[in-house]
Novice: 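Please see the structure below; I have some questions.
Chain naming here is simple, since letters A, B, ... match the order of the sequence lines and numbering starts at 1 in each.
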Amino acid sequence: MSAPTAARSAAPAGRRAGRGAGARGPDGAGTTRSRGRGRSSGVRRAPWVLMAPFLVVFVLSFVLPILYAVGQSFTRVQRSGLFGEEGTTSGFGGLANYRQALEGTAFVESVGRVVLFGLVQVTVMIALATVLALLLESASARWPGAFRTLYFLPYGIPGVIATILWSFLYVPGLSPLVDVAGAVGLDVDFLGPSTVLWSIANIVTWAYAGYNMLIIVAQLKSIPGELYEAARVDGAGPVRIARSLQLPLIRPALLLATVFSIIGTLQLFAEPQVLQSVSTAISNEYTPNLAAYNSAFNNNDYGVAAAQSVLIALAAFVLSGLFLALTNRKDRS
Amino acid sequence: MSVAPPTRRPAPAREGAGRTGSVASSAPGRTQRRPRTTILVTAILVVVAVYFLVPVYWVLVAATKSTDDLFTTNGFWFSDSPQLLTNLRLVVSYDGGLFLRWLANSFLYAGVGAVLATYLAAAAGYALGMYRFRGSGLILGVVLGGVLVPATATALPLFLLFSQVGVANTYWSVLIPSLVSPFGVFLCRIYSQAAVPVSVVEAARIDGAGELRIFHVLALRAMAPALVTVLLFQTIAIWNNYLLPLVMLADSRLYPVTLGLTTWRGQVDRLPEFYQLTIGGVLVSVVPLVVLMVLLQRFWRGGLTEGAVKA
């Protein structure tokens with residue numbers, strides 16, 4: 001684990017170019033055609049040819065669904081008969097779906113819940129990741145490579161599998177954690193109405209703290225050694241170096257990690273959905289995404305589900321943008 | 001990882017030329033290493049390591065137990081009659097080897113999906129990075145917007161669209177959306193600008209090489225390190241995906257392992273034998289990933305550096 005990524009390729013690429021002339025690209029036809037019509041038209045067409053396959057799947061699985069969701073969110077479906085067995089009619093519904101989504105207190109409460117969750121969980125996780133990264137990169141740490149690998153390990157375990165795993169550790173009777181707590185006289189209930197949100201926060205922190213730590217470690221490693229030397233010459237100790245040199249220089253990584261974590265928080269779905277089977281405290285509208293999912297698949301109300309999805313996406317945009325704007329302003333003043 | 005280097009590794013070659021500092025001096029505080037600080041820091045690191053390891057250790061122990069022992073013996077230690085092989089046999093043989101089918105599906109979705117997604121991202125990223133043309137800014141903006149859109153916001157409407165054309169509940173319904181990696185396009189764009197030498201591209205053009213051939217022969221090789229990163233991230237992203245298959249698939253034979261295991265987990269209250277099945281299944285599905293993570297660690301770090309530092 002020594003070769004740096006960027007430098008690895010640049011030199012051999014030039015040497016390989018000559019050899020490349022003899023090799024054949026998979027798309028030989030396109031090559032000859034562009035040569036026949038003259039180079040400039042080939043160069044002009046090339047980026048579109050290269051992008052076409054990606055753009056097709058991107059439009060199909062990103063752009064169309066989003067447009068469709070926006071369209072659905074303004075569409076009102078009227079069912080005739082008890083189960084809609086006498087046919088349905090749909091038409092423009094204005095903001096009716098949005099009104100219904102926002103009037104249901106459960107959805108608004110779920111938004112408040114994930115915001116609270118995000119404020120606490122993202123803060124704790126980024127702080128933990130930063131401290132771990134600084135400790136691992138300090139000269140005082142023994143076996144930093146082994147610890148780094150170990151902390152990153154949970155990232156490879158899918159969120160649902162991690163949730164299944166922790167759900168076993170939360171259930172009384174099966175969980176050794178509950179047993180241990182009971183042995184010292186603590187009566188813990190990981191799945192009660194007031195605790196289950198933080199039990200979910202624990203799962204998310206467990207799964208992603210190491211990933212965020214690695215982003216920060218990568219940024220720390222890019223700090224030139226001369227800066228450390230200069231700081232030491234000026235008499236700065238490890239704590240001073242961390243505060244005045246390392247923390248300001250890893251700000252871009254911290255921002256990136258925080259924005260991704262905010263988006264991740266708004267998307268909270270798998271963890272509460274899986275824990276629903278062991279905790280009665282998790283309702284069908286526990287998080288915005290769970291609410292949208294249940295609107296669509298339990299209530300068959302796609303219009304409201306689409307409105308909820310659009311609201312979640314908007315919230316992700318606004319929150320990320322707000323966070324970036326705030327931190328930028330602090331930077332300038 | 002086989003070796004845990006106690007010191008920082010030599011400086012990367014790209015900054016190596018201009019560097020005067022020695023390897024040892026680049027580690028902050030190395031000259032003033034104090035034993036008491038080392039013990040304290042290492043103790044903190046060990047405590048955190050226990051936190052990250054406890055669930056994995058627990059599943060390792062629990063997978064050796066019968067359902068009765070799961071509830072009657074100490075969860076952190078083995079029972080008197082370990083039966084790991086019996087449990088694993090139960091996992092792979094239940095319902096005609098359904099679990100193995102889930103594993104194979106996961107490999108199919110993640111393997112095929114990630115390879116194709118990486119190729120598409122490489123071509124699009126290279127086009128955006130190396131050519132100046134009208135509309136490139138717009139496309140880049142829309143693709144970057146794609147990074148921010150929550151997966152759930154697209155999964156539900158995608159299901160409605162797919163069910164109208166009859167693609168829902170097929171392998172395609174999970175594979176097609178997995179081919180898109182906006183992050184990959186972003187990374188390949190930055191990386192192609194840094195790693196594909198413009199002079200060589202020009203020389204190849206003068207030699208009469210077509211644009212597609214230049215991409216396939218020259219650029220793909222120069223971009224190889226970035227492609228490995230995109231491939232890894234996309235593999236994990238598809239392997240971890242839960243919502244998309246949950247929404248798309250009704251037939252349990254098409255399930256990936258994540259979705260399959262949750263259906264098992266959901267049945268433990270009615271049929272306690274599913275405790276053994278789920279725990280064994282979790283163990284089997286976690287082990288290969290953990291091994292992969294450890295073996296490929298340097299590629300992760302490389303990719304994160306690209307994303308974090310250059311972004």
Novice: Work out which heavy atom in B/Val180 is nearest to a heavy atom in A/Ser61; give both atom names and the distance.
Specialist: CG2-OG, 3.2 Å
Novice: So for A/Ser167, is it side chain, backbone, both, or neither that comes closer than 4.5 Å to the heavy atoms of chain B?
Specialist: both
Novice: Count the heavy-atom pairs under 4.5 Å between each of A/Val310, A/Val57, A/Thr163 and chain B, then report the option with the highest count.
Specialist: A/Val57
Novice: Using non-hydrogen atoms only, which part of A/Trp166 is less than 4.5 Å away from chain B: side chain, backbone, both, or neither?
Specialist: side chain
Novice: If you count heavy-atom pairs within less than 4.5 Å of chain A, which of B/Val46, B/Leu128, B/Ile44 leads?
Specialist: B/Val46
Novice: Check whether A/Asn202 gets within reach of chain B through its side chain, its backbone, both or neither, counting any heavy atom under 4.5 Å.
Specialist: both
Novice: Please classify the contact between B/Ala204 and chain A as side chain, backbone, both or neither, with a heavy-atom cut-off of under 4.5 Å.
Specialist: neither
Novice: Taking side chain as everything from C-beta outward and backbone as N, CA, C, O, which of these in B/Asp269 sits under 4.5 Å from a heavy atom of chain A? Side chain, backbone, both or neither.
Specialist: side chain
Novice: Is there a side-chain contact between A/Leu132 and B/Leu45 (heavy atoms, below 4.5 Å)?
Specialist: yes
Novice: I'd like to check the side-chain hydrogen bond (donor to acceptor under 3.5 Å, both in side chains) partners of A/Ser73; sequence neighbours left out, ordered by chain and number.
Specialist: A/Tyr98
Novice: Step by step, work out the side chain to side chain donor-acceptor pair (under 3.5 Å) result for B/Asn240 and A/Tyr155.
Specialist: CA-CA 10 Å; B/Asn240 288 1; A/Tyr155 181 66; over 6 Å; no
Novice: Measure the spacing between CG of A/Leu135 and OG1 of B/Thr37 and express it to the nearest 0.5 Å.
Specialist: 11.5 Å
Novice: Taking side chain as everything from C-beta outward and backbone as N, CA, C, O, which of these in B/Leu158 sits under 4.5 Å from a heavy atom of chain A? Side chain, backbone, both or neither.
Specialist: both
Novice: Side-chain contact, heavy-atom cut-off 4.5 Å: B/Tyr242 with A/Pro158?
Specialist: no
Novice: Go through the atoms of A/Val171 and report whether side chain, backbone, both or neither lie under 4.5 Å from a heavy atom of chain B.
Specialist: side chain
Novice: Does any heavy atom of chain A fall under 4.5 Å from the side chain of B/Val247, the backbone, both, or neither of them?
Specialist: both
Novice: Does B/Tyr131 have A/Arg44 sitting over its ring (NZ/CZ under 6.0 Å from centre, angle to axis within 45°)?
Specialist: no
Novice: For each of B/Thr258, B/Ile214, B/Leu161, tally heavy-atom pairs with chain A at distances under 4.5 Å, and name the one with the top tally.
Specialist: B/Leu161
Novice: Measure B/Tyr51 against the heavy atoms of chain A and call it side chain, backbone, both or neither at under 4.5 Å.
Specialist: both
Novice: Test side-chain contact (heavy atoms from CB on, under 4.5 Å) on A/Leu50 and B/Glu211 and set out the steps.
Specialist: CA-CA 9 Å; A/Leu50 284 165; B/Glu211 297 299 313; 5.8 Å; no
Novice: Quick one: pull up CG in A/Leu165 and CG in B/Leu261 and give me the separation to the nearest 0.5 Å.
Specialist: 11.0 Å
Novice: Can you tell which part of B/Ile139 gets under 4.5 Å to a heavy atom of chain A, answering side chain, backbone, both or neither?
Specialist: side chain
Novice: Counting heavy-atom pairs closer than 4.5 Å to chain A, which one of B/Asn241, B/Val201, B/Leu243, B/Leu259 comes out on top?
Specialist: B/Leu243
Novice: Side chain from CB out, backbone as N, CA, C, O: work out which of these in A/Pro53 comes under 4.5 Å of a heavy atom of chain B, or both, or neither.
Specialist: both
Novice: With a 4.5 angstrom heavy-atom cut-off, which part of A/Phe269 approaches chain B: side chain, backbone, both or neither?
Specialist: side chain
Novice: Give the C-alpha distance, both sets of side-chain angles, the deciding distance and a yes or no for side-chain contact (heavy atoms from CB on, under 4.5 Å) between B/Arg265 and A/Val160.
Specialist: CA-CA 11 Å; B/Arg265 176 71 181 92; A/Val160 241; over 6 Å; no
Novice: Which bit of A/Ile216 is near chain B, if near means a heavy-atom gap under 4.5 Å: side chain, backbone, both or neither?
Specialist: neither
Novice: Looking only at non-hydrogen atoms, find the nearest pair between A/Pro65 and B/Thr154 and report the distance.
Specialist: CB-O, 3.8 Å
Novice: Any idea which of B/Ile39, B/Val282, B/Leu156 has the most non-hydrogen atom pairs under 4.5 angstrom with chain A?
Specialist: B/Leu156
Novice: Search all heavy atoms of B/Ala127 against all heavy atoms of A/Met51 and return the closest pair with its distance.
Specialist: CB-CG, 3.6 Å
Novice: Given heavy-atom pairs under 4.5 angstrom as the criterion, report whether the side chain, backbone, both or neither of B/Phe71 touches chain A.
Specialist: both
Novice: Set out, in order, the CA-CA distance, both residues' side-chain angles and the distance that settles side-chain contact (heavy atoms from CB on, under 4.5 Å) for A/Trp143 and B/Thr42, then state yes or no.
Specialist: CA-CA 9 Å; A/Trp143 317 294; B/Thr42 309; 3.7 Å; yes
Novice: Just so I know, are the side chains of B/Val143 and A/Phe62 near enough to count as touching, which here means a heavy-atom distance under 4.5 Å?
Specialist: no
Novice: Side chain, backbone, both or neither: which part of A/Ala306 has an atom under 4.5 Å from a heavy atom of chain B?
Specialist: neither
Novice: Just so I understand: if I count every heavy-atom pair under 4.5 Å between each of A/Gly156, A/Ser175, A/Ser277, A/Ala296 and chain B, which residue has the most?
Specialist: A/Gly156
Novice: Got A/Phe147 and B/Val48 here, is their nearest side-chain heavy-atom distance under 4.5 Å?
Specialist: no
Novice: Between A/Leu55 and chain B, with a heavy-atom cut-off of 4.5 Å, which part of the residue counts as in contact: side chain, backbone, both or neither?
Specialist: side chain
Novice: Taking only residues two or more places apart in sequence or in another chain, which ones pass ring-ring contact (aromatic ring centres under 6.0 Å, His included) with A/Phe297?
Specialist: A/Tyr293, B/Phe159
Novice: For the CZ atom of A/Phe152 and the CZ atom of B/Phe52, what is their distance to the nearest 0.5 Å?
Specialist: 11.5 Å
Novice: Identify which of A/Tyr151, A/Tyr68, A/Trp48 forms the greatest number of heavy-atom pairs closer than 4.5 Å to chain B.
Specialist: A/Tyr151
Novice: If we only count heavy atoms from C-beta on, is the B/Leu246 to A/Gln273 side-chain gap below 4.5 Å?
Specialist: yes
Novice: Can you tell which part of A/Leu174 gets under 4.5 Å to a heavy atom of chain B, answering side chain, backbone, both or neither?
Specialist: both
Novice: Picking from B/Val56, B/Leu179, B/Thr262, which has the most non-hydrogen pairs under 4.5 angstrom with chain A?
Specialist: B/Thr262
Novice: So do B/Leu70 and A/Phe168 actually touch side chain to side chain, heavy atoms under 4.5 Å?
Specialist: no
Novice: Is B/Ser181 in contact with chain A via its backbone, its side chain, both, or neither, using a 4.5 Å heavy-atom distance?
Specialist: backbone
